[in-house]
Amino acid sequence: MTSLTQRSSGLVQRRTEASRNAAAEKEKSPDEDEHESRRGEEEEDDKGDSKETRLTLMEEVLLLGLKDREGYTSFWNDCISSGLRGCMLIELALRGRLQLEASGMRRKSLLTRKVICKSDTPTGDMLLDEALKHVKETQPPETVQSWIELLSGETWNPLKLHYQLRNVRERLAKNLVEKGVLTTEKQNFLLFDMTTHPLTNNTIKQRLVRKVQEAVLEKWVNDPQRMDKRILALLFLAHSSDVLENAFAPLLDDQYDLAMKRVRMLLDLEPEAEAAKSGANELLWAVVAAFTK
């Protein structure tokens with residue numbers, strides 16, 4: 001009898017608790033709901049990788065371009081510098097810091113619209129925060145194409161040379177050293193010594209290569225709007241930086257042909273049309289347009 005009373009009491013207590021929770025759920029303000037949603041998205045972003053091994057787009061592109069043993073990018077690669085600046089703009093856009101100005105009644109093209117600061121909250125990444133500061137403080141605003149050139153130092157205007165971000169590859173490599181992906185060594189070339197960063201954590205590199213391969217093979221969705229924006233950006237920027245081939249090199253011939261065919265399908269897309277679709281990140285497509293025009 002006592003046992004039955006305890007079970008009944010427990011049932012009433014659980015029902016009362018459920019009622020309280022339901023009432024509390026109803027009383028939640030829209031702000032709280034938005035906060036919960038944001039927190040859920042952040043937790044989703046954190047899944048899979050630890051904080052130390054989560055890489056930015058710039059770090060991923062550099063890692064794809066680095067020779068594993070030698071620890072430096074190809075001397076013949078003159079595309080990676082501007083590619084890394086494109087990575088920064090997209091990374092800042094994906095983090096909600098930058099956006100394109102409104103297209104207006106005349107529907108200005110992606111490459112004529114200016115980049116504006118949406119939020120100046122620091123990202124915690126020194127390179128990103130440096131680029132964000134430049135964009136925020138520049139009046140009148142500049143276009144995506146101009147920012148890629150300014151941040152790369154490819155400008156004829158001596159008054160704008162201060163926008164150049166210096167030693168970007170070395171600074172990114174040091175970030176990867178801190179994250180345990182690379183190590184630091186000195187190599188002696190015939191006339192000079194050079195700091196190099198050989199691969200020390202092959203697991204992370206292989207995971208990145210596999211992610212790129214799967215995006216155009218096993219996980220191919222044939223619709224850029226359904227693809228993860230970060231993966232989509234990585235494919236475009238790795239191609240623009242001339243390092244995508246490194247990720248596809250280990251593939252079998254038929255897999256390689258299929259992967260390249262699907263990459264070409266992405267490159268043939270019309271950025272203006274894709275940017276106009278619901279849920280698209282306009283700045284991402286503006287960067288794509290700057291590299292594929």
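Bear in mind that the values here come from a model prediction, so they are computed numbers and not experimental data.
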Side-chain donor/acceptor of [X] to backbone N/O of [Y], under 3.5 Å:
| X | Y | value |
| --- | --- | --- |
| D242 | I80 | no |
| R107 | S103 | no |
| S152 | E154 | no |

Does any donor atom in the side chain of [X] or [Y] lie under 3.5 Å from an acceptor atom in the other side chain?
| X | Y | result |
| --- | --- | --- |
| E282 | Q99 | no |
| T138 | Y163 | yes |
| T203 | R207 | no |
| T195 | K186 | yes |

First locate atom [atom1] of [X], then atom [atom2] of [Y], and finally report the distance between them rounded to the nearest 0.5 Å.
| X | Y | atom1 | atom2 | value |
| --- | --- | --- | --- | --- |
| D68 | K205 | CG | NZ | 3.5 Å |
| I148 | R85 | CD1 | CZ | 10.5 Å |
| L176 | M58 | CG | CE | 10.0 Å |
| N201 | I204 | CG | CD1 | 4.0 Å |
| K136 | R97 | NZ | CZ | 12.5 Å |
| L132 | T121 | CG | OG1 | 8.5 Å |

(request) Would you please test L66 and L199 for side-chain contact (heavy atoms from CB on, under 4.5 Å) and show each step? (result) CA-CA 8 Å; L66 279 176; L199 186 68; over 6 Å; no
Heavy atoms only: give me the nearest [X]-[Y] pair and the separation to one decimal.
| X | Y | result |
| --- | --- | --- |
| K67 | S74 | CE-CA, 4.2 Å |
| L92 | A131 | CD1-CB, 4.1 Å |
| L128 | M88 | CD2-O, 3.9 Å |
| R226 | V221 | NH1-O, 3.4 Å |
| A215 | L235 | CB-CD1, 4.2 Å |
| H239 | V263 | CD2-CG1, 4.3 Å |

Spell out, yes or no, whether [X] and [Y] are grouped together once hydrophobic residues are joined by side-chain heavy atoms under 4.5 Å, including indirect joins.
| X | Y | value |
| --- | --- | --- |
| L151 | W156 | no |
| I231 | L269 | yes |
| L284 | I116 | no |
| W76 | V243 | no |
| L237 | L111 | no |

4.5 Å side-chain heavy-atom contact, [X] and [Y]:
| X | Y | answer |
| --- | --- | --- |
| V181 | N175 | no |
| N157 | E149 | no |
| P224 | K277 | no |
| N281 | I90 | no |
| L89 | L98 | yes |
| L57 | L94 | yes |
| L251 | L217 | yes |
| F291 | S82 | yes |

(message) If you count heavy atoms of other groups shown closer than 6.0 angstrom to CE of M265, is the number above 12?
(response) yes
Whether [Y] and [X] form a salt bridge (side-chain N of Lys/Arg under 4.0 Å from carboxylate O of Asp/Glu) is what I want to check.
| X | Y | result |
| --- | --- | --- |
| E101 | K108 | yes |
| E130 | R171 | yes |
| K219 | E214 | yes |

(request) List in chain and number order the residues that pass side chain to side chain contact (heavy atoms under 4.5 Å, CB included) with R264, two or more places apart in sequence or in another chain; answer none if no residue qualifies. (result) M260, K261
(request) List the steps and the verdict of side-chain contact (heavy atoms from CB on, under 4.5 Å) for L100 and L110. (result) CA-CA 8 Å; L100 288 185; L110 292 172; 3.8 Å; yes
(message) Parallel, tilted or perpendicular, judged at 30° and 60°: which one describes the rings of H134 and W147?
(response) parallel
(request) Given side-chain contact (heavy atoms from CB on, under 4.5 Å), test E91 with T123 step by step and report yes or no. (result) CA-CA 10 Å; E91 185 76 44; T123 64; over 6 Å; no
(request) Check step by step if side-chain contact (heavy atoms from CB on, under 4.5 Å) holds for L232 and L266. (result) CA-CA 9 Å; L232 183 65; L266 290 176; 4.1 Å; yes
(message) Going by side-chain contact (heavy atoms from CB on, under 4.5 Å), L244 matches just one of L234, L64, V212. Which one?
(response) V212
(request) Take E60 and R230, measure what salt bridge (charged side-chain N to carboxylate O under 4.0 Å, His left out) needs, and give me the verdict at the end. (result) CA-CA 11 Å; E60 288 180 327; R230 191 168 284 275; 5.5 Å; no
Which donor-acceptor pairs under 3.5 Å do side chains of residues 252-259 form with protein atoms, sequence neighbours excluded?
residue : atom : partner : partner atom : Å
Q255    : OE1  : L252    : N            : 3.2
Y256    : OH   : E245    : OE1          : 2.9
Y256    : OH   : E245    : OE2          : 3.0

(message) My understanding is that only one of E70, E170, R169 makes a side chain to side chain donor-acceptor pair (under 3.5 Å) with H197; could you say which?
(response) E170
